[in-house]
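The block underneath contains the structure these notes are about, expressed in C-alpha cells.
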Amino acid sequence: MQSYDVIIIGAGHNGLVCAAYLLKAGYSVLLLEKRSVPGGAATTEEALPKEAPGFKFNLCAIDHEFIHLGPVVEELELTKYGLEYLWCDPVAFCPHPDGKYFLAHRSLKQTCAEIERFSPRDAQKYAEFTDFWQRVLGMMIPIFNAPPKSVIDMAGNYDLAKLKDLFSVLGPPDKTLDFVRTMFNSPRDILEEWFDSEFLKAPLARLASELGAPPSQKTISVGAIMMAMRHNPGMARPRGGTGALVQALLNLVTSKGGKVLTDQPVERILVDNGRAVGVRVANGTEYRANRGVISNIDAKRLFLHLMNDSDVDAADPNLRERLDRRIVNNNESIMKVDLAISEPLRFEHHNHKDEYLIGSVLIADSVNQVEVAHSEPTVGKIPDSDPSLYVVVPTMLDPSMAPDGKHTVWIEFFAPYKIAGADGTGLYGTGWTDELKNKVADRLIDKLAEYAPNVKNAIIARRVESPAELHERTGFLRGNHYHIDMTLDQMVFFRPLPELANYKTPIEGLYLTGAGTHPGGSVSGMPGRNCARVFLHTQQPISQKLKDAGNAMKSTIESVFRLS
Ligand SMILES: Cc1cc2nc3c(=O)[nH]c(=O)nc-3n(C[C@H](O)[C@H](O)[C@H](O)COP(=O)(O)OP(=O)(O)OC[C@H]3O[C@@H](n4cnc5c(N)ncnc54)[C@H](O)[C@@H]3O)c2cc1C
C-alpha cells in the first residue's frame, strides 16, 4: 500500500492550497480527485470542443475578490508558478430599465461621480456607505485568515490599520450596539436606510444576495461588503481563466513533490482504533496516511457518505444526526449558461461603451426582482418570469480565452435544486430535464436581449448546466456552491457545526477544509491555509506552539508601536 504523511480528498483550490502549505513544511502529500480535471469549482475548460473549439469557459467561479483579502498568493509566490491577475476596472455595470445605469469603477471617487449624474444625494451616501463597510471588512480580515477558535492567531493578524478599523466600527457601548443591530439587519433594510434610487439599490441587493439568500433576509446585511471589496482590494481574474489559479497551484504542489491523482473518487475513509489511517478509492486501491486525512469536501458528504456509521458513532454518537438535520441548505443552487459568441454584447439603450463589459454585468431591475430571484428557489420555483442575472464577458479583459475577435458570455442564474411538484422526475429526481433547462436558458437569453439585443444573433454555441448537473459534476450536495449555506448561523465558529468548526473532527487525524469550513465558499484559499495551520500546530510540540503564540502577539504589538 502506498503511504504518505497526508492524503487530501479532492483537488479543489482549497485542497491544493492546503497541500502547498504542508509540502512547504516538509510533509509528503497525495491529493485524490474524483474528476479527470483538478480544481473543483475553479476550473477553466474547453467545454464545447466540437461546436466551439478554442473557446475556454470558467465553468464555475470567475470573479476573484476574497483571495486578495489574505496572504495566499504572496506567501505561496504563485506568480512564480505562472499566475497573473488581471484587475477589472470598471468592476460592475447594471443597466436600469428607465435608461439610468450603475457603473462602478475600482475608484470610489469615479463611482460616486457616475452616481451623481443621476442622484447627488445617493452619490454622497454611497461614499459614506462604502467607507463604513470597508472598515467592517478591515475588522473582519484578521478573523477570515485564522482558525475561528484560535483567538491568538486572530489577534496576531491585527495590525494598526485593522485595529483602527475595529475601534472605528465598535467604540462606545451605544455605537457597538448599533453595529450589532446593523448586523442583524437584512441587506434590504440597510439599502432602504441609506439610498433613494432603485438603479443603485438593485445591483447592491443583487451582490449582497450572492451570499445565497434574498435581500430581505435578516442577519446578512454583511453582504454589503461584496460591493465594498470591489473598490478595495478590487476584483481580478487570472489570465487564462480561473483554472490558471489551479494550474499555478498544481505547478507548485508537483514541484514540491506532491502527487495529484485524478479519476480517483474516494469511497471510504479507513479508520483504525478511532484514528483515520487512509482511504480507499472506487477502484479498490487503498492509500495509507501516516499523519492525517484532510477532506476538501464538506462534513455532510464526509461523515454521511464516506465513513462507516460505526466509526462515526464511536467517536460521537450524535454527529450523524446533527449533520443530517442541523445543517441548513435552502435549496438554492445555480443554473449556469455559457455562450460562445461572434461579437461582444452591446448595451444599445444605455449609450454602449465596451468598458461596461470589463467587470460583471448585473441584470437587476429592482430590489423586488432580486427578492424573487432568491426566494422562489427556496420553495422550489424557478424565478424565470423576469430573471435577474449575473453576466460576464470574460474575453473583454482576457481575449486569450477565445479565438481572435470572438467572445464568451458567462451567465449565473439562481435556481432551485429540487423543483416543487416534480418529485421523482428528471435527473436525480429533482425535476430537471434537458428540455426544461433549455427552456429556462431561452428565457434568460430573452431577458439579456432586452438590454443587449445583439446577443441572440451572435450565439455560435451554448452550454447549459442545470443545478442537478452541477451536483453531478462537482458533488455539491443539492448543488450548493458554498457546500453549505452562508447564513450567519453557519459562519465562523458555527461552520459547519461548533464541534467541527476548527478544521478538526472527533476522529483523530481527520481534518476538514474547503468551502464548508470557515470562512466559507468562494475563491479565497483561506479554508485551505487555515486548515494547514491547524494541522501543522497539531504536529508541533507544545514548546513550539507557545513560541508561535508569542511571536503572533509580538508582531501585533510591534506593528501598533511602529505605526502609531
Ligand atoms: C456557477 C458558480 C459560480 C461561482 N462563481 C464564483 C465567483 O465568481 N467567485 C467566487 O469567489 N466564487 C464563486 N463560486 C464559488 C466557488 O467556486 C466555490 O465556493 C469554491 O471554488 C469552492 O472551492 P473548494 O476547494 O472549497 O471546493 P470544491 O471546488 O468543491 O473542491 C472539492 C473537490 O473535491 C472533489 N471531490 C468531491 N467528492 C470527491 C470524492 N469522493 N473523492 C475525491 N474527490 C472528490 C471535487 O471534484 C472537487 O474537485 C461559484 C460557484 C459556482 C458553482
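Residue numbers run from 1 in the order of the sequence given. Side chains are part of it too, since the values below use all heavy atoms of this structure and drop only hydrogens, waters and symmetry mates. One-based numbering, in listed order, for ligands and for the atoms of each.
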Starting from [atom], find the nearest protein heavy-atom neighbour and note its residue, name and distance.
atom	result
atom 25 (O) of ligand 1	N14 N, 3.0 Å
atom 21 (O) of ligand 1	A41 CB, 3.5 Å
atom 5 (N) of ligand 1	A61 CA, 3.3 Å
atom 34 (O) of ligand 1	G10 CA, 3.2 Å
atom 31 (O) of ligand 1	G12 CA, 3.3 Å
atom 52 (C) of ligand 1	C60 CB, 3.5 Å
atom 9 (N) of ligand 1	D63 O, 2.8 Å

No-hydrogen, no-angle side-chain donor-acceptor test under 3.5 Å, [X] and [Y]:
X	Y	result
T474	R35	no
E332	Y417	no
N331	T378	no
H64	T242	yes
S388	R206	yes

message: I'd like to know if W410 contacts ligand 1, where contact means a heavy-atom distance under 4.0 Å to any ligand atom.
response: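 Distance cut 4.0 Å: W410 passes for ligand 1.
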
Quick one: does [X] get an N or O within less than 3.5 Å of an N or O on ligand 1?
X	answer
H483	yes
L306	no
H481	yes
H64	no
R473	no
E412	no

Out of [options], who gets a non-hydrogen atom closest to [atom]?
atom	options	answer
atom 47 (O) of ligand 1	R35, H13, K34, E33	E33
atom 20 (C) of ligand 1	G521, S522, S524	S522
atom 42 (N) of ligand 1	V279, T474, L302, V266	V266

Only heavy atoms of [X], strictly under 4.0 Å: list the atoms of ligand 1 that pass.
X	value
L32	43 (C), 44 (N)
V523	10 (C), 11 (O), 12 (N)
F476	30 (O), 53 (C)
G514	26 (O)
I9	42 (N), 43 (C)
I297	34 (O), 36 (N), 37 (C), 38 (N)

Check this for me: does any side-chain nitrogen of one of [X] and [Y] sit under 4.0 Å from a carboxylate oxygen of the other?
X	Y	result
R280	E286	yes
R237	D398	no
D153	R533	yes

message: Go through it in stages, so that I can follow the logic: the residues are Y4 and V29, the test is side-chain contact (heavy atoms from CB on, under 4.5 Å), and I'd like the CA-CA distance, side-chain angles, deciding distance and then a yes or no.
response: CA-CA 6 Å; Y4 297 81; V29 180; over 6 Å; no

What closest approach, in Å, do [X] and [Y] show between heavy atoms, and which atom pair accounts for it?
X	Y	result
L444	P387	CD2-CB, 3.7 Å
L59	A47	CD2-CB, 3.9 Å
L339	V455	CD1-CG2, 4.0 Å

message: I need the contact type for F66 against ligand 1. Using non-hydrogen atoms and a strict under-4.0 Å cut-off, is it side chain, backbone, both or neither?
response: neither

message: Side chain, backbone, both or neither: which applies to I62 and ligand 1 if a contact is any heavy-atom pair less than 4.0 Å apart?
response: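 Both backbone and side chain of I62 come within 4.0 Å of ligand 1.
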
message: Ring-plane angle category for F55 and F57, please: parallel below 30°, perpendicular beyond 60°, tilted otherwise.
response: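 The rings of F55 and F57 lie parallel, inter-plane angle below 30°.
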
- request: Would you mind reporting whether L362 and L207 have side-chain heavy atoms less than 4.5 Å apart?
  value: yes

message: Using the rule given for ring-ring contact (aromatic ring centres under 6.0 Å, His included), can you reason through Y390 versus W410, listing the C-alpha separation, both sets of side-chain angles and the distance that settles it, and then say yes or no?
response: CA-CA 8 Å; Y390 186 135; W410 180 106; 5.5 Å; yes

